[in-house]
Amino acid sequence: MDQTKLKELGLRLFEINAFKFGDFKMKVGINSPVYFDLRVIVSYPDVMETVSDLLTEFIQQTKVDMGAHLCGVPYTALPIATLISIKAQKPMLIRRKEAKNYGTKKLVEGKFNAGDKCLIIEDVVTSGSSILDTVTDLQSEGLVVTDAIVVVDREQGGSQNTEENGVRMHSLFTLSYLLNVLLEAGRIEEKTVKAVAKYIEGAQIKSDGSFIKNGTTVINELSRTGMTFEARADLAKCPVGKELMKLMASKKSTLCLAADLTKSEEILNLVEKTGPYICLLKTHVDIVEDYNENFVKSLQSLAKKHNFMIMEDRKFADIGNTVALQYDSGLFKISNWADLVTVHSLPGQGVLKGLKSVLHDPTQQRGVFLLAEMSSQGNLATPQYSAATMKIATEMDTDFVAGIVCQSSDLVASPGLLQLTPGVKLEEGADGLGQKYDSPEHVVKEKGADICVVGRGILNAKNQEDAAKTYRKRLWAAYCERVGMSE
């Protein structure tokens with residue numbers, strides 16, 4: 001095999017988020033630090049073509065007997081098997097997950113004879129159970145199966161399990177190989193490779209789903225809430241998100257100040273006092289009564305002086321063309337000065353495409369925080385809406401989404417994304433307008449927040465600088481306790 005092409009494909013799978021790190025629930029019942037979602041490759045014709053080309057070449061070089069037919073394990077491997085069938089000019093069979101209850105009631109579709117040999121194509125293998133299920137159904141129709149070709153072997157027992165059941169498994173990639181490709185390319189650190197290797201060693205699975213070792217007690221060392229910002233920056237796909245994590249680690253601050261004031265001079269005075277203690281300044285420029293370009297330039301100067309980023313809390317929520325104009329034009333020209341903006345996912349992926357369409361200067365790094373949940377009482381953000389928001393963040397615009405605005409620690413699995421949580425105050429409670437407040441410790445350790453938004457807790461303090469110091473100290477201490485490191 002051409003190792004250059006293999007490595008390029010491995011990096012491409014990482015780029016399109018078909019291969020990601022985090023804390024993922026597996027079908028076998030345990031959490032994993034690595035997840036493969038090869039379903040996304042159908043949206044990338046170039047990747048589909050490369051995968052099918054390399055698999056066809058791999059089959060030929062390993063001298064696997066393709067037999068009379070190919071069969072893709074439903075459902076992700078079906079389009080891959082289809083392309084290989086065309087390239088190799090071999091007829092394909094389709095195995096249903098369940099037999100039809102009408103018509104011919106067939107479990108295996110296609111033309112074949114008892115005794116014909118069939119080669120199985122699969123995308124990702126953990127225990128090998130999906131391959132063995134397919135083998136059982138094909139054999140029940142009189143077909144002969146001796147080999148299976150897979151894109152990725154997670155090295156958790158699948159190869160041994162299929163071998164024990166009379167089927168040789170041949171993989172284009174192993175998880176170890178892909179990790180080394182990413183390490184060699186500088187995409188991940190060696191400690192990430194070691195953490196995954198430790199997980200694999202302790203999570204070997206038999207074909208019946210039971211664990212060979214102590215799989216049920218395996219600790220995922222790549223869990224977002226257990227990792228440091230330095231380690232997570234290595235896994236961030238969004239350049240702004242990566243830089244923000246580094247900034248937070250160096251400054252020892254997870255404090256975002258909500259500067260919800262209406263006078264520019266008041267905001268600048270506030271930021272001059274609190275700037276040394278914050279990682280992010282959240283603005284609402286449409287409430288600033290005397291807004292002007294000099295105000296924005298002064299904010300940028302303070303951000304550079306005190307080392308923090310600026311996020312305009314615009315909450316874009318319109319069609320792509322409209323948000324492009326709102327972002328780049330009008331009075332505020334937000335794209336010129338805000339490192340980050342907040343965005344509702346309600347319009348769908350088009351809202352992100354619209355925002356990105358006006359960014360033409362490659363030196364001007366920008367990013368967004370998608371709103372998945374809200375802190376106000378009675379809000380209408382359903383679990384289905386939150387899940388759909390995460391799908392956009394992790395599958396569609398990974399280089400533009402720096403993080404998620406939410407209230408739940410289990411919503412953001414990827415360590416490369418930041419969780420931003422509003423509603424933080426030293427005294428828990430609620431105001432009279434539906435806003436709920438939680439303590440710094442609760443928001444960081446229980447809700448899983450990486451960045452915590454504080455507004456009136458600082459704005460209404462007698463000494464705003466001292467208040468910012470207190471919030472920064474308590475938030476950082478809670479983060480250090482969460483990840484198990486000293487302050």
Side-chain angles (χ1 to χ4, degrees), residues 1-6 9-10 13 36 38 41 47-97 99 106-178 205-207:
M1 292 292 294
D2 186 328
Q3 291 299 309
T4 299
K5 288 183 180 179
L6 273 179
L9 175 59
L13 291 176
F36 289 93
L38 296 192
I41 70 175
V47 177
M48 283 288 290
E49 184 173 23
T50 302
V51 169
S52 58
D53 281 344
L54 288 176
L55 282 176
T56 303
E57 182 183 342
F58 179 61
I59 292 169
Q60 294 168 347
Q61 289 190 1
T62 51
K63 298 182 180 178
V64 172
D65 182 0
M66 295 184 73
H69 309 279
L70 297 174
C71 180
V73 176
Y75 289 103
T76 307
L78 289 179
I80 299 173
T82 302
L83 290 176
I84 296 174
S85 172
I86 294 169
K87 293 176 186 296
Q89 287 295 290
K90 282 285 182 180
M92 179 176 154
L93 302 176
I94 297 177
R95 172 231 167 190
R96 291 179 173 272
K97 279 200 170 183
K106 286 184 177 181
L107 193 61
V108 179
E109 301 285 1
K111 187 175 181 180
F112 59 90
N113 298 309
D116 284 353
K117 193 169 183 180
C118 183
L119 176 66
I120 291 178
I121 308 295
E122 175 63 305
D123 63 331
V124 181
V125 169
T126 303
S127 67
S129 61
S130 294
I131 288 179
L132 295 176
D133 288 344
T134 302
V135 170
T136 299
D137 289 341
L138 293 176
Q139 288 177 340
S140 71
E141 298 288 339
L143 290 154
V144 177
V145 181
T146 60
D147 294 272
I149 299 293
V150 305
V151 181
V152 180
D153 175 11
R154 287 177 56 99
E155 302 176 289
Q156 289 181 254
S159 180
Q160 296 90 326
N161 294 333
T162 57
E163 183 80 33
E164 289 172 3
N165 286 272
V167 179
R168 294 181 296 270
M169 195 181 88
H170 314 269
S171 59
L172 185 64
F173 293 116
T174 61
L175 177 52
S176 297
Y177 178 89
L178 285 170
I205 308 165
K206 295 181 180 179
S207 56

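FYI, side chains are in, hydrogens and waters are out, and symmetry mates aren't considered; it's all heavy atoms of this structure.
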query = Any idea which heavy atoms bring Val125 and Glu122 closest together, and the distance?
reply = CG2-CG, 3.8 Å
Would you list the atom pairs, donor with acceptor, under 3.5 Å between side chains in residues 77-84 and any protein atom, with sequence neighbours excluded?
{"from": "Thr82", "atom 1": "OG1", "to": "Leu78", "atom 2": "O", "distance (Å)": "2.8"}

Counting only pairs under 3.5 Å, give me each side-chain donor-acceptor contact of residues 65-72, with atom names and distances, residues two or more places apart or in other chains.
{"from": "Asp65", "atom 1": "OD1", "to": "Gly67", "atom 2": "N", "distance (Å)": "2.9"}
{"from": "Asp65", "atom 1": "OD2", "to": "Lys117", "atom 2": "NZ", "distance (Å)": "3.3"}
{"from": "His69", "atom 1": "NE2", "to": "Asp116", "atom 2": "OD2", "distance (Å)": "3.0"}

message = Quick one, Val150 and Met169 - any side-chain contact, counting heavy atoms below 4.5 Å?
response = yes
inquiry  = Using 0.5 Å steps for rounding, measure from the CD atom of Glu155 to the CD atom of Gln160.
reply    = 9.5 Å
remark   = Taken in chain and number order and not counting sequence neighbours, the residues that satisfy side-chain contact (heavy atoms from CB on, under 4.5 Å) with Glu57 are Met1, Leu54, Gln61
task = Report the residues that fulfil side-chain contact (heavy atoms from CB on, under 4.5 Å) with Val64, sequence neighbours left out, ordered by chain and then residue number.
result = Ile59, Thr62, Leu119, Asp147, Ile149, His170
key: Which atom of Gly115 lies closest to which atom of Val144, heavy atoms considered   = O-CG2, 3.9 Å
ask   = Any side-chain heavy atom of Phe36 within less than 4.5 Å of one from Thr76?
value = no
query = Taking the side chain as C-beta and beyond, is there a heavy-atom pair between Ile41 and Leu13 under 4.5 Å?
reply = yes
message = Taking Val151's backbone N and O only, do any of them form a donor-acceptor pair with Ser171's side chain (distance below 3.5 Å, no angle check)?
response = no
message = To the closest 0.5 Å, what do you measure between NZ (Lys206) and OG (Ser127)?
response = 13.0 Å
task = Determine whether Arg96 and Pro74 make a side-chain contact, defined as any pair of heavy atoms from C-beta on separated by less than 4.5 Å.
result = no
ask   = Can you find a side-chain donor-acceptor pair between Gln3 and Tyr177 that sits under 3.5 Å?
value = yes
Salt bridge (Lys or Arg N to Asp or Glu O under 4.0 Å) pairs, two or more places apart, involving residues 74-88 = Asp53-Lys87
request  = Look up atom CZ in Arg95 and atom OG in Ser130, then write down how far apart they are to the nearest 0.5 Å.
outcome  = 7.5 Å
task = For Asn161 and Ile205, indicate whether the former's side chain and the latter's backbone hold a donor-acceptor pair under 3.5 Å.
result = yes
inquiry  = Could you measure the distance from the CG atom of Asp123 to the OH atom of Tyr75? Nearest 0.5 Å is fine.
reply    = 13.5 Å
request  = Rounded to the nearest 0.5 Å, what's the gap from CG on Leu38 to CE on Met48? Could you check?
outcome  = 10.0 Å
key: Minimum-distance pair of heavy atoms, taken over all atoms of Leu178 and Phe173   = CD2-CD2, 3.7 Å
message = Quick check: do Leu9 and Val47 have side-chain heavy atoms less than 4.5 Å from each other?
response = yes
Residues that Thr136 engages under side-chain contact (heavy atoms from CB on, under 4.5 Å), provided they are two or more places apart = none
ask   = Within the distance-only criterion (no hydrogens, no angle test), does the side chain of Glu141 pair as donor or acceptor with the backbone N or O of Val108 below 3.5 angstrom?
value = no
query = At what distance, to the nearest 0.5 angstrom, does CZ of Arg154 lie from OG1 of Thr126?
reply = 4.5 Å
ask   = Shortest non-hydrogen contact from Gly110 to Leu93?
value = CA-CD2, 3.8 Å
